Amino acid sequence: MDASVKRPVRSKRPSKTRDNLVYAVVWLACFAPLVWLAWRVFSDDLGANPIETLIRQIGVWGLRLLLVGLAVTPAARILRKPRLVRFRRTIGLFAFSYICLHLLTYIGVDLFFDWGQLWKDILKRPFITLGMLAFTLLIPLAVTSTNGWVLRLGRAAWQRLHWLIYLIVPLGVAHYYLLVKADHRPPLIYAAILTALMLWRFWDAFRRRAAGR
Amino acid sequence: MLIRHAPDLTDNDVTDRSLYLRRREFIGGAAGLGLLAAAGTASARGLTYGPGFSTTETPTSRKDITSYNNFYEFGVNKEDPSENAGALKTRPWTLRVDGECEAPTSFAIDDLIKANKLEERIYRMRCVEGWSMVIPWVGFPLKDLLAQVKPTSKAKFVAFETLKRPSEMPGQRWDTLQWPYREGLRIDEAVHPLTILAVGLYGDVLPNQNGAPIRLVVPWKYGFKGAKSIVRISLVEKMPRTAWNDLAPREYGFYSNVNPAVDHPRWSQATERRIGEFRRRETLPFNGYGQYVADLYRGMDLKRNF
């Protein structure tokens with residue numbers, strides 16, 4: 001999603017087995033919230049309003065994974081572990097999956113496929129407008145996430161397309177912020193994390209330019 | 001209208017039998033323990049029931065009513081009140097009734113409950129967030145209390161002030177709303193026979209998370225109008241300030257009558273999810289109590305006075 005790790009410092013390539021193991025851990029970590037939520041659905045542990053709880057929880061996990069995705073590059077640089085970047089696609093696609101599920105639950109369970117109501121919501125409710133916009137913008141990113149698409153588009157164009165994420169994540173945070181009634185602390189925490197991740201990028205770009213690279 | 005009015009049915013016909021029996025047990029037990037002194041009185045008189053005001057719809061489960069609450073004094077999440085309200089001490093408790101009246105009085109809560117005839121009222125409750133419940137309250141009409149302090153002709157509104165005690169109300173350590181929580185009604189709304197002060201739920205003492213020891217219930221308005229854990233009721237001449245209106249005047253009006261035709265700026269109010277049900281249902285004007293209360297607002301533009 002960005003190319004700030006163009007020239008990794010040479011790092012020791014770990015064994016294939018270890019590589020697969022680490023991959024499995026990342027994959028399971030991304031999958032775990034869904035398993036946990038499914039468990040809560042089946043054990044009737046979602047409270048008095050299970051539909052709303054489910055929609056919100058899935059959505060929040062989608063947002064968290066988007067932020068984790070944005071944290072990969074800074075983490076790789078700060079920790080000097082450039083190969084961390086290979087997890088970005090997995091995390092991003094998981095985020096997209098959670099967001100798809102979030103949307104499906106809203107349309108299929110909450111609205112019970114009332115398309116007229118959905119359309120009204122999109123036009124009239126700013127938080128839904130922003131949420132749908134963010135989701136729509138995510139689609140091309142998910143579609144072009146494969147190696148084949150990177151080649152087809154060319155590295156530079158692919159890169160520019162994926163800069164969309166810097167618009168999508170703020171839209172996601174705003175979507176959350178706008179539905180809160182009074183206590184804005186939770187969405188503001190996400191906004192703060194997003195701001196920190198963006199500031200790091202600005203700082204990093206500035207530093208690179210100053211170094212004439 | 002979807003409200004079913006069945007004069008040939010009494011509440012006993014629709015109240016789950018085991019609950020009905022539990023209520024009797026409670027009254028005996030409570031009188032013995034002195035938990036709810038008035039319940040003993042009510043038992044001696046025989047509990048009276050609302051004169052046709054109770055709905056015949058199935059009440060929401062006690063578990064849901066007592067674990068899914070908006071009571072920001074104890075935290076903003078729905079499960080926070082049931083988890084944090086245990087520390088609240090509801091005795092001793094004084095309810096001050098003052099303002100534009102001839103006989104301002106401070107009532108000790110148990111005296112107040114003893115002096116008023118308790119009734120069960122099974123009311124629909126519609127939250128401004130788009131969900132609803134059916135709740136079997138135990139309480140008495142607010143008008144009975146107001147009559148005791150003899151309001152003067154200057155009493156045009158009624159202001160409610162609720163407890164501010166951050167040591168027992170952890171949600172008050174953060175200014176999500178301005179504490180103490182304030183609510184208000186116009187005087188004609190306050191003396192309407194549907195408007196009650198509730199002191200019990202499901203025939204039992206009101207749980208802390210539901211607003212113990214005494215709370216307001218105004219069934220045709222959004223739930224947040226029902227101030228909880230009330231310490232002061234003042235008769236006033238001018239429209240009082242209210243907590244949610246102070247926070248977001250564009251979103252929460254003074255009247256806040258349930259109205260499917262007036263959306264919350266951020267979400268639709270046309271439908272609601274009844275807790276325990278899967279599909280959303282249509283929201284009724286005045287939460288289905290229009291036949292009793294619509295006259296209060298004759299000639300008013302309810303889109304402007306939302």
Side-chain angles (χ1 to χ4, degrees), chain A residues 37 40-57 59-60 104-133 171 173-190, chain B residues 60-73 75-83 127-133 135 171 173-179 181 209 222 224 243-244 246-248 251-252 263-282:
Chain A
L37 281 172
R40 288 179 66 190
V41 169
F42 288 113
S43 55
D44 195 19
D45 182 41
L46 289 174
N49 200 346
I51 296 172
E52 188 182 282
T53 309
L54 192 65
I55 294 174
R56 297 222 172 152
Q57 284 296 314
V60 160
L104 273 175
T105 322
Y106 158 62
I107 296 174
V109 185
D110 191 26
L111 297 182
F112 212 76
F113 303 105
D114 183 343
W115 302 105
Q117 185 59 46
L118 173 67
W119 190 238
K120 268 193 258 171
D121 275 354
I122 294 173
L123 294 180
K124 277 182 78 176
R125 319 277 161 227
F127 84 94
I128 294 181
T129 317
L130 296 187
M132 288 301 293
L133 182 61
L171 284 172
V173 174
H175 166 68
Y176 186 10
Y177 183 90
L178 283 177
L179 72 78
V180 169
K181 249 171 86 196
D183 183 8
H184 288 102
R185 282 173 291 174
L188 286 178
I189 290 169
Y190 293 109
Chain B
T60 305
S61 79
R62 185 194 172 95
K63 178 171 176 277
D64 287 345
I65 296 175
T66 56
S67 64
Y68 192 75
N69 307 99
N70 278 326
F71 195 170
Y72 281 24
E73 281 83 342
V76 296
N77 298 309
K78 298 286 189 292
E79 65 279 7
D80 289 342
S82 58
E83 286 168 10
C127 179
V128 73
E129 296 168 348
W131 53 269
S132 64
M133 292 183 178
I135 307 181
R173 291 167 205 164
W174 185 267
D175 283 340
T176 37
L177 293 164
Q178 281 181 49
W179 313 116
Y181 190 92
Q209 61 266 36
Y222 291 118
F224 70 87
W244 281 100
D246 276 350
L247 180 82
E251 301 188 351
Y252 310 98
D263 284 343
H264 185 280
R266 290 181 283 151
W267 55 81
S268 165
Q269 294 292 25
T271 63
E272 67 200 51
R273 174 163 290 110
R274 175 71 52 84
I275 296 302
E277 290 181 356
F278 180 69
R279 294 285 300 271
R280 288 181 161 272
R281 51 164 75 204
E282 304 271 308

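Just so we're on the same page: letters track the sequence lines, and every chain starts at 1. Everything numeric here is computed off the predicted structure, so don't read it as measured data.
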Enquirer: Taking side chain as everything from C-beta outward and backbone as N, CA, C, O, which of these in A:Asp110 sits under 4.5 Å from a heavy atom of chain B? Side chain, backbone, both or neither.
Expert: both

Enquirer: Among residues 177-188 of chain A, which residues come closer than 4.5 Å to chain B, judged by heavy atom distances?
Expert: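 Listed by number, the contacting residues are A:Leu178, A:Leu179, A:Val180, A:Lys181, A:Ala182, A:Asp183, A:Arg185.
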
Enquirer: Given the rule in the side-chain contact (heavy atoms from CB on, under 4.5 Å) test, do B:Trp244 and B:Val128 qualify, once you have shown the distances and angles that lead to the verdict?
Expert: CA-CA 11 Å; B:Trp244 281 100; B:Val128 73; over 6 Å; no

Enquirer: Of the non-hydrogen atoms in B:Thr60 and B:Ile65, which two are nearest, and what is the gap between them?
Expert: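 Between these two residues, the closest heavy atoms are O-CD1, 3.4 Å.
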
Enquirer: Treating A:Asp114 as the side-chain partner and A:Leu111 as the backbone partner, does any N or O pair qualify as donor plus acceptor under 3.5 Å?
Expert: no

Enquirer: Of the non-hydrogen atoms in B:Tyr181 and B:Ala243, which two are nearest, and what is the gap between them?
Expert: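 The answer is CD1-CB, 3.7 Å.
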
Enquirer: Using ring centroids (six-membered ring only for Trp), state whether B:Trp131 and B:Tyr68 fall under 6.0 Å.
Expert: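 Ring centres of B:Trp131 and B:Tyr68 closer than 6.0 Å.
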
Enquirer: Using a 6.0 Å cut-off, check whether atom CD of B:Gln178 has over 12 heavy atoms from anything other than its own residue.
Expert: no

Enquirer: Can you name the closest pair of heavy atoms from A:Thr53 and A:Leu46 and give their distance?
Expert: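 Between these two residues, the closest heavy atoms are OG1-O, 3.2 Å.
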
Enquirer: Looking only at heavy atoms, which of residues 263-270 of chain B get nearer than 4.5 Å to chain A?
Expert: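 Within residues 263-270 of chain B, the residues under 4.5 Å from chain A are B:Asp263, B:His264, B:Pro265, B:Arg266, B:Trp267, B:Ser268.
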
Enquirer: So, for B:Thr176 and B:Gly171, which heavy atoms are closest and what is the spacing to 0.1 Å?
Expert: OG1-O, 4.4 Å

Enquirer: Relative to chain A, which of B:Met133, B:Lys63, B:Glu129 shows the most heavy atom pairs under 4.5 Å?
Expert: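 Sorted descending by pairs with chain A, the first entry is B:Glu129.
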
Enquirer: Between B:Phe278 and A:Phe112, is the ring centre distance below 6.0 Å?
Expert: yes

Enquirer: Are B:Lys78 and B:Asn69 linked by a side-chain donor-acceptor pair shorter than 3.5 Å?
Expert: no

